[in-house]
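All values below come from the heavy atoms of this structure, side chains included, with hydrogens, waters and symmetry mates left out.
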Amino acid sequence: MPNRPSAKKHLKQTKTRTKQNNKFKRLYKEAISEAEEAIEQGLDAEKIKERFSYAQKRIDKAAKKGVIHGNKASRLVGQLQSKVQNYLNN
């Protein structure tokens, strides 16, 4: 347990930031899962595009907040986009 007031404040800030980071991480992972499920279930193109758009929004938000690196965000969006395109073109 921290003794100095500044150390107590730092601990409090760290806990708050960890909660926020975990929230954004959970949101983008759930969005990716929902988009992939839509592809596996064979939903119509509108639903798939809608879920892809939502997932892309969540991934970009996580990158903007610094939860994930920008390059990882680009890679995740690209991978998901290629899955969507492959499904829609076949």
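- Hydrophobic clustering (side-chain heavy atoms under 4.5 Å, transitive across Ile, Leu, Val, Met, Phe, Trp, Tyr) keeps Leu43 apart from Tyr54.
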TODO: Check step by step if side-chain contact (heavy atoms from CB on, under 4.5 Å) holds for Phe52 and Ile39.
DONE: CA-CA 10 Å; Phe52 168 72; Ile39 293 170; over 6 Å; no
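- Applying the salt bridge (Lys or Arg N to Asp or Glu O under 4.0 Å) definition to pairs two or more places apart or across chains, none involves residues 42-68.
- Heavy-atom contacts from other residues, nucleotides or ligands closer than 6.0 Å to CG of Asn89 number more than 12.
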Listed pairs under 3.5 Å, donor-acceptor, residues 19-29 side chains, sequence neighbours left out:
{"residue": "Asn21", "atom": "ND2", "partner": "Arg17", "partner atom": "O", "Å": "3.4"}
{"residue": "Asn22", "atom": "ND2", "partner": "Thr18", "partner atom": "O", "Å": "3.3"}

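- Minimum interatomic distance between Val84 and Ile48 (heavy atoms only, all atoms of both residues): CG1-CG2, 3.9 Å.
- Considering every non-hydrogen atom in both Ala55 and Ile32, the closest pair reads CB-N, 4.1 Å.
- The side chain to side chain donor-acceptor pair (under 3.5 Å) pairs that include a residue from residues 67-87 are Glu36-Lys83, where partners are two or more places apart or lie in different chains.
- In terms of heavy-atom proximity, Ala63 sits nearest to Ala73 at CB-CB, 3.6 Å.
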